[in-house]
Amino acid sequence: MVAHRGYRAKYPENTKVAFENAINIGAKMIELDVSLTKDRQVVVIHDDTLERTTNGKGAINCFTLAELKKLDAGSWYDPQFKGERIPTLEEVLDLVKDRTLMNIELKEIYYEEQDSTDTIENQVINLVRKKGMEQAVIISSFEIKYLERLCKKDNLPAMAFISRKPADASVVEACKKLELFSWHPWYEILTQEQVDMMHDAGIKVFSFTVNSKDTFLKLCKMGVDGVFTDDIPLIR
């Protein structure tokens, strides 16, 4: 049971209050999304723009961390959360450490062809290592180039490939080659055959985003290893 962007059904997504309450209610893992600011700091927010989940406007990477920290990331959801801020990844790592597991999603838009020390994936890995959380984190992405680059490095957390498309033998083989821990498919495209192929290859299957009892029970019958959900009590 993975808390998708924290306890999103009751709190503003990807905020510290959402993560804190996901942990308090018993989530086995929390999922979050990271973005890169104008001054190349790693922050936790899903969209590449500000409008939906803050009182700001424009692209995340057009603002410095200091500028983003002035924005309200809670009132859009409910006035009681006024004053919630966009957290940095380091702040969330400190909040979560030793309390539950984490899935950090790297967004496709921030992939850079040049492999420099301050690319988002290298910063994420370095922060995870700094906190000693390599065994408690999964790094995931829809962009397989991130995973291809990271798999060449040492002392890595587990990695996962996210997909909205069904997996065939070539996808299974790619996951095996990269030594991925898990495959994260959209529940709508998932079949028993795909679950069996991944399991036969030693790869776990976590499906997103599951917010109904019927869907959850269907996936359980397929033998998935976990699900991402906005509503932890419902699935529990």
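All values below were derived from every heavy atom in this structure, side-chain atoms included, with hydrogens, water molecules and symmetry-related copies excluded. What you see is a predicted model; the values in this text were computed from it and never measured.
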Problem - Side-chain donor/acceptor of R85 to backbone N/O of K70, under 3.5 Å - result: yes
Note to self: Would you say NZ of K97 has more than 12 non-hydrogen atoms from neighbouring residues, nucleotides or ligands within 6.0 angstrom?
What the structure shows: yes
Looking at Q41 and D39, would you say the former's side chain and the latter's main chain have a donor-acceptor pair under 3.5 Å?
yes
Next on the checklist: Between K107 and D33, does any NZ, NE, NH1 or NH2 come within less than 4.0 Å of an OD or OE carboxylate oxygen?
Outcome noted: yes
The side chain to side chain contact (heavy atoms under 4.5 Å, CB included) partners of K218 (sequence neighbours excluded) come to M222
Exercise. Would you say the side chains of D225 and H199 form a donor-acceptor pair under 3.5 Å?
Worked result: yes
Q: Run the salt-bridge test on E20 and R99 with the 4.0 Å N-O cut-off and return the result as yes or no.
A: yes
| query | Should D231 and N211 be marked as a side-chain hydrogen bond (donor to acceptor under 3.5 Å, both in side chains) after you check the CA-CA gap, both sets of side-chain angles, and the distance that decides it? | reply | CA-CA 6 Å; D231 196 340; N211 291 321; over 6 Å; no
**Message:** Quick one: does any side-chain atom of S140 pair with a main-chain N or O of A160 as donor and acceptor, under 3.5 Å?
**Reply:** no
*Is a donor on one side and an acceptor on the other found under 3.5 Å between the side chain of T100 and the backbone of I23?*
no
Worksheet item: So, are K153 and E121 salt-bridged, with charged N and O less than 4.0 Å apart?
Response: no
Worksheet item: Is Y146 reaching over with its side chain to a backbone N or O of S141, donor-acceptor style, under 3.5 angstrom?
Response: no
message = So that I can tick it off, tell me whether K16 and E84 are bridged by a salt bridge, with the cut-off set at under 4.0 angstrom between side-chain N and carboxylate O.
response = no
### Query
Any chance the side chains of T49 and D47 put a donor and an acceptor closer than 3.5 Å?
no
(request) Indicate yes or no: does E188 engage R164 in a salt bridge with an N to O separation below 4.0 Å. (result) no
Note: N122 and S116 closest approach over all heavy atoms is ND2-O, 2.7 Å
Looking only at heavy atoms, the pair that brings T37 and F63 closest together is CB-O, 3.4 Å
Those residues at least two apart in sequence (or on a different chain) that pass side chain to side chain contact (heavy atoms under 4.5 Å, CB included) with E179 are none
*asked:* Tell me if a side-chain donor or acceptor on E173 pairs with a main-chain N or O of D168 at a distance below 3.5 Å.
replied: no
Review point. Is the shortest distance from a Lys or Arg side-chain nitrogen in R52 or E13 to a carboxylate oxygen in the other one below 4.0 Å?
Key: yes
Polar side-chain atom of K69 near backbone of I86 as donor-acceptor pair, under 3.5 Å:
yes
* Aromatic centroids of H184 and F208 separated by under 6.0 Å -> no
Next on the checklist: Taking the basic N atoms (NZ, or NE/NH1/NH2) and the acidic carboxylate oxygens, is any pair closer than 4.0 Å for E90 and K131?
Outcome noted: yes
D72 side chain to S75 main-chain N or O, any donor-acceptor pair under 3.5 Å?
yes
